Each structure stands twice: as structure tokens, then as C-alpha cells.
Amino acid sequence: MTEHGDTRLVDKILKLKQKRNAVILAHNYQLGEVQDIADYSGDSLDLSQKAAKTDADVIVFCGVHFMAETASILCPEKKVLLPDLHAGCPMADMITPDKLRKMKKEHPKATVVCYVNTSAEVKAESDICCTSANAIEVVQSLPEATEILFVPDQYLGQYVSTKTGRPLILWPGFCPTHVRILASDILRLKEEYPKAKVVVHPECRPDVTEIADAVLSTSGICKYARESPETEMIVGTEIGILHRLRKESPQKRFIPVSEQAVCPRMKLITLETVLWTLEEMAHEVKVPEKIRVRAKSAVDKMLQIGSK
Ligand code: 13P
Ligand code: SF4
């Protein structure tokens, strides 16, 4: 796409967005040009809070399916659109409601904490939801002796368990993008950039989070980059975040741990699909009412806790 073509597309999107009274929400891993046309960029927690508060009639969700579902859970009266229905999260697909029900039968007294990277049906089977920004606080909010099932991210679960000292029963899910971020690559980069701080996402493997200076959600990483005096950072998460980091702190240097840490589903959303969504008012993501009400209880409990 030429710069000229991009400008025409952006103009069309902005005009149509106004006509539809739509808000565009973009996750921090979206393509740079998509983040740039969004009303808000953020992590899963930020975006669900923005969805809950918006007075727009339409929410165009530039992210993956579970994020659009969370917006629909919180705002059933709004039309939530996902520009590409194939934009799903493989980790969220690693647990199904049937598998979770079976696990609950094996642990009848347990409280289920589900990562927001789950389907609405899995949230409906859970007691409380969490995101990478508040998982520690959510687990700490449960009474000490509670038996806790944590689904589906085993690495986020292990990290939370280490930080809180609470034993968690884990599900063997993982993010196929974050497992590509390796401790050996970080150690090599630390030799090359000895002054750089290492900031990573808690979906990374435990040997990665152990050697990091900070373990944060995607918006947490952006805040750390903006507010800390550090001028060089080795970044262990999906590379889409580099756009926002470089835009917000152009004088600083951000070194990705791996150029292969790409979430292909996030990248399905483009300026073209955003325009198409607004033209056709498709694809709508709507959670059936019975499931929505149960899932909302888990999400609301999380939102009451918030994050640090
Ligand atoms: P954040 O909520 O930290 O943005 O993470 C979402 C995600 O899918 C990370 O892979
Ligand atoms: Fe899912 Fe991983 Fe992509 Fe995040 S980066 S949406 S966890 S596959």
C-alpha cells in the first residue's frame, strides 16, 4: 500500500467511524497502522475497561476473538465487531468448557481462576477471571486455604504461584508465540547490551521470567518504558508492542528478544479489514445471554479488583 493509499483508507475509516458512532479499540500487538487509527490502544484489562465505559453504539475490536467476546459480555447492548473472524487465540482454544467441567469434577471444592484468554463459555464455568495485569491480585484476593484451579496458561500460573506463594492446580496451556522467547537469547543480548533492562510478559517460560528485571502486562511494559529512567530495554513479548514503545519513547532503544515472537492471528487485522467491518457491519461477536450472565460474574469480580 502506498502512503497515499493508506491516507485514503484512513480517511474513509475515520468518516465511517463517525457515521456509525463507533469506537476503535486496538490491542498493543496490532499492526502499527491499526494502532494509529484506534481511539485506544491497550492490554486486555485496559480494553475491557474502555469497552465497559464507552458510549459509542459500535465497538470495532482490533484484537483476538476472546477480547471481542469480553467486550460483548460487558456491553450486550452494543454491536461488537471483529474485523476478521479467524483472529482467535490458540491458547484460549487449549481449554474447552467440557474439559474444564471434567477438571472441576475432580476438584469439587476448588475455585476456578480463568485467564481472560478463554472463551466466554469457559469464563461462564469459572469463578473469577484475571488478566496478566492483575493475576497476582486476583489470586491474593482468595482466602488462604482455597484450592485454586488456574486455567489455561501454565506459565502465567507458575509465575503467579511463585509470586504469591500459593499452590495452584495448573492446566497445560501455553502461548505458542511467547514460548519462542528463550532465556538463551536474552543472555546473549545482555552480553551485547550490558546496560539494558529485561522486561518480559508473564506468558513467557519460567526460565525467562526468572532472569527478567520486570514481568509485566503489555500496557505495564509500555508504562515501565515511559516512566523508568532506563534508556535501553530488551523486550520479551510479541513484537507488535515495539510500535507503541518506539512511538511513546522515541529517544529510547528497544531490543526484541526474538523477531519470531509474532502472533499471526493478531496480524490478520489490517486497515482494509477495519474499513470493511465498518462498511458491512460484520463480523458481529455476540455471546448468548445465558452464557453471558455467568461469564460476566467472573469478569465483574475481576474488574472490582482492578490492577496495581
Ligand atoms: P495483555 O493483557 O498483557 O495485553 O496480554 C494479552 C495477550 O494475549 C498476551 O499474549
Ligand atoms: Fe493468544 Fe499468544 Fe496471541 Fe496473546 S500472543 S493472543 S496469548 S496466541
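Small disclaimer: the values here were computed from a predicted structure and weren't measured. Just so you know, ligand 1 is whichever comes first in the structure, and atom 1 is the first atom listed for that ligand.
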*Spell out, yes or no, whether Leu216 and Met233 are grouped together once hydrophobic residues are joined by side-chain heavy atoms under 4.5 Å, including indirect joins.*
yes
*How does Glu203 reach ligand 2, by side chain, by backbone, by both or by neither, if only non-hydrogen atoms under 4.0 Å count?*
side chain
*Roughly how far, to the nearest 0.5 Å, is the OG atom of Ser41 from the CD atom of Gln35?*
4.5 Å
*Nearest to atom 2 (O) of ligand 1, what protein heavy atom do you find, and at what distance?*
Ser44 OG, 2.7 Å
_Less than 4.0 angstrom from a charged side-chain N to a carboxylate O is my criterion; do Asp11 and Arg8 meet it?_
no
*Under 4.0 angstrom from ligand 1, any heavy atom of His27?*
yes
*Can an N, O or S atom be found in Cys175 less than 2.8 Å away from atom 1 (Fe) of ligand 2?*
no
*asked:* I'd like to check which ligand 1 atoms, numbered from 1 as shown, lie under 4.0 Å from a non-hydrogen atom of Ser217.
replied: 3 (O)
*Should the pair Arg226-Glu248 be classified as a salt bridge under the 4.0 Å nitrogen-to-oxygen rule?*
yes
*Which residue and non-hydrogen atom of the protein lie closest to atom 3 (Fe) of ligand 2, and at what distance in Å?*
Cys263 SG, 2.4 Å
*Would one find an N or O of Thr218, backbone or side chain, under 3.5 Å from an N or O of ligand 1?*
yes
*Protein contact of atom 9 (C) of ligand 1 - nearest heavy atom, named by residue and atom, plus distance*: Glu203 OE2, 3.1 Å
*Can you find a non-hydrogen atom of His178 under 4.0 Å from ligand 1?*
yes
*Top protein contact for atom 1 (Fe) of ligand 2, by heavy-atom distance*: Cys89 SG, 2.4 Å
*NZ of Lys78 to CD1 of Ile59: how many Å apart, nearest 0.5 Å?*
6.5 Å
*Does the pair Arg294/Glu125 count as a salt bridge with the N-to-O cut at 4.0 Å?*
yes
*Could a heavy atom of Asn117 be found less than 4.0 Å from some atom of ligand 1?*
yes
*Using a 4.5 Å cut-off on heavy atoms from C-beta on, say whether the side chain of Val160 contacts that of Leu168.*
yes
*Quick one: do Lys17 and Asp39 make a salt bridge, cutoff under 4.0 Å?*
yes
_Please report whether ligand 1 has a polar contact with Ser132, defined as an N or O pair separated by less than 3.5 Å (distance criterion only)._
yes
*Hey, could you give me the CD/CD distance between Glu232 and Glu230, rounded to the nearest 0.5 Å?*
9.5 Å
*asked:* Quick test: of every protein heavy atom, which one is nearest to atom 5 (O) of ligand 1, and how far off is it to 0.1 Å?
replied: His201 NE2, 3.3 Å
_Can you report which non-hydrogen protein atom sits closest to atom 8 (S) of ligand 2, along with the distance?_
Pro90 CD, 3.3 Å
